[in-house]
Amino acid sequence: MKRLFTRSMITLLVIATLAGCTSNNGGTNASNKTPGDTPAAEEPQKEPTKFSIAMRTLNVAYVEKSPDINKDKYVLELEKMTNTDLDIRLIPHNEYQEKMIQMFATNDIPDVVQGSGGISGPELAGAVQNGVLLPLNDLLQEYGQDLLKFIPKDAWDRLTDSKTGTIYGIPEVLSNPSRRATWIRTDLLEKAGKPVPKTVEEMIDVLRAFKEIGVEHPFAGRKNFKYADTIFGAYDVFGYNNQFKLFPDGQVKPSFFDAENMKKAIGLYKTMHDEGLISREFATIESTDFRNIITSGKAGMWSMNANELPIWGAQLMNNVPTAKVALIPSPIGPDGSGGYAHYNPVTRSFFINANAKDKAADIVKFFNWMVSEQAELFFSFGIEGEDYKVENGRPVLEIPTDTEGTDKLRYLNYWLWMVQDTTYNKRVSSLSETGLQMIDAFDNMLSKEGRRGIEFDPRLDALIRYPDLNPKSDELPPLILEHVLRMVYGREPVDDYEKVLEEYLSKGGREVIEEATARFQAKENAFE
């Protein structure tokens with residue numbers, strides 16, 4: 001139980017007023033500022049640069065509850081430090097792709113647009129190819145040298161047209177692609193008298209034991225298997241856009257073409273559904289309800305990003321003081337491996353509208369500031385004197401344990417900090433027991449698990465031509481997903497899965513496979 005999350009440790013940390021971080025960085029006093037950190041100080045006479053920016057809410061409660069994010073005191077502080085005047089336009093998390101496409105279709109495009117990854121994501125609606133977005137090479141050379149040094153090449157590659165070498169976006173990076181983890185309530189595990197499950201069979205055994213002791217959601221399911229794809233991971237059949245595989249016949253296909261393992265995975269989900277180990281309504285559970293189920297103490301086991309451990313753990317224990325939660329190795333399948341689909345090295349990206357050319361230099365400076373020490377301190381701890389204080393030249397933060405405080409910290413650490421290594425916040429995480437457990441999980445467990453496939457970026461043309469075959473970043477293609485859900489719900493036989501593959505092939509799948517194989521062999525924007 002090395003990673004055990006105990007309330008006593010959190011309480012101890014709060015009472016102890018917390019140690020300062022190991023860095024000797026001070027607060028935001030003028031004496032601590034560095035020239036590169038303070039554009040406003042460098043150009044005090046200049047008017048703030050006004051620009052609009054479209055940002056996905058990312059299901060961040062603080063953002064979604066804000067009456068006006070543009071009047072939020074942290075946004076105002078950010079504007080003060082960067083000499084900007086932001087007009088943030090929120091895109092609802094669950095309507096992101098539709099709203100983005102609508103935005104480009106109506107030509108109502110802000111000065112800066114947040115993408116979800118590379119230059120050809122469906123949310124961009126072909127904006128790069130249509131010349132809507134500004135090439136950034138020269139601007140980065142002149143105003144973004146810190147960005148160029150901070151962001152690794154493989155992340156820049158995702159924002160670059162490989163044929164011309166033109167960079168179109170500024171990426172937020174993820175240095176550890178294995179981000180999602182398997183979580184378990186260890187207090188319930190102890191009550192059920194079970195060890196930590198290592199295989200999918202042991203996982204089912206634990207879920208049955210959870211049900212016997214009255215756990216309402218032994219496994220927390222979610223719509224379209226998002227953050228509920230543990231079994232698909234054990235059998236290596238995710239089928240997402242970055243989960244193509246080279247099959248023995250020499251063809252590159254989506255991983256769900258491994259029919260034998262796919263049927264085993266679907267069969268286990270059906271067992272979980274039939275026995276009530278996963279909610280019978282899981283196929284309609286949205287992200288907010290999913291989170292509420294877990295943090296209210298109704299779930300025994302689930303999947304979520306590991307960097308949420310300090311915040312979700314604190315909220316869970318606020319509601320259920322006896323709760324203990326741990327990140328555990330994901331259950332393994334027949335090949336001895338498991339885990340979740342690796343992320344690509346870019347989690348968010350930011351593009352500048354070609355019509356905003358006159359202010360583009362200042363916009364690049366804004367993002368360049370994001371990788372400064374001053375930015376790291378602000379986004380980690382907040383406003384000096386309000387959220388933290390400086391003692392002996394070191395910032396001292398009282399880590400919040402209530403929902404309001406943890407939501408605010410997540411907003412600062414994660415959402416408002418637009419360009420960073422988003423694997424975890426080292427400054428804040430190093431201050432708490434759960435944070436240290438999370439770091440240990442990333443460095444020593446998650447780095448050794450997960451599934452990495454072949455990804456095509458830009459997407460295959462055939463996938464764009466056939467929307468029913470086009471997977472989202474972490475969802476099966478609509479055609480496959482619909483049949484899989486019907487099988488789990490008992491409306492189609494699992495043994496008919498080969499017929500589903502035949503339908504996929506007949507509706508454009510052959511073109512998908514032919515194009516995938518050709519691009520992989522030609523090494524044309526095929527990432528492994």
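The pair R185-E190 does not count as a salt bridge, with every side-chain nitrogen at least 4.0 angstrom from each carboxylate oxygen. The pair D87-R89 meets the salt-bridge criterion, since a charged nitrogen lies less than 4.0 angstrom from a carboxylate oxygen. Salt bridge D157/K153: present, at least one basic N to carboxylate O contact under 4.0 Å. Salt bridge E202/K198: absent, no basic N to carboxylate O contact under 4.0 Å. For E376 and R427, the salt-bridge test passes: some basic side-chain N is under 4.0 Å from an acidic carboxylate O. Taking 4.0 Å as the cut-off between side-chain N and carboxylate O, R180 and D474 count as a salt-bridged pair. Residues K245 and D236 are paired through a salt bridge, judged by an N-O separation under 4.0 Å between the basic side chain and the carboxylate. With respect to D387 and K408, a salt bridge is recorded, a charged nitrogen being found less than 4.0 Å from a carboxylate O.
Applying salt bridge (Lys or Arg N to Asp or Glu O under 4.0 Å) to E308 and the options R179, R291, R410 leaves one that passes, R410.
The neighbour count for K359 NZ, taken as heavy atoms of other residues, nucleotides or ligands under 6.0 Å away, is above 12. Within a 6.0 Å sphere centred on NZ of K191, heavy atoms belonging to other residues, nucleotides or ligands number 12 at most. Around atom NZ of K426, no more than 12 heavy atoms belonging to other residues, nucleotides or ligands sit under 6.0 Å away.
In this structure, F51 and F366 have perpendicular ring planes: the angle between them is above 60°, well past the 30° mark. Under the 30°/60° scheme for interplanar angles, the aromatic rings of Y74 and Y411 are found to stand perpendicular.
Taking the six-membered ring for Trp, Y414 and F379 have ring centres at least 6.0 Å apart. F351 has its ring centre no less than 6.0 Å from the ring centre of Y168.
In terms of heavy-atom proximity, N413 sits nearest to S380 at ND2-O, 3.2 Å.
Using a distance-only test at 3.5 Å, with no hydrogens or angles considered, no donor-acceptor pair links the side chain of S279 to the main chain of G221. Of the possible donor and acceptor atoms, one in the side chain of R451 sits under 3.5 Å from a partner among the backbone N and O of S337.
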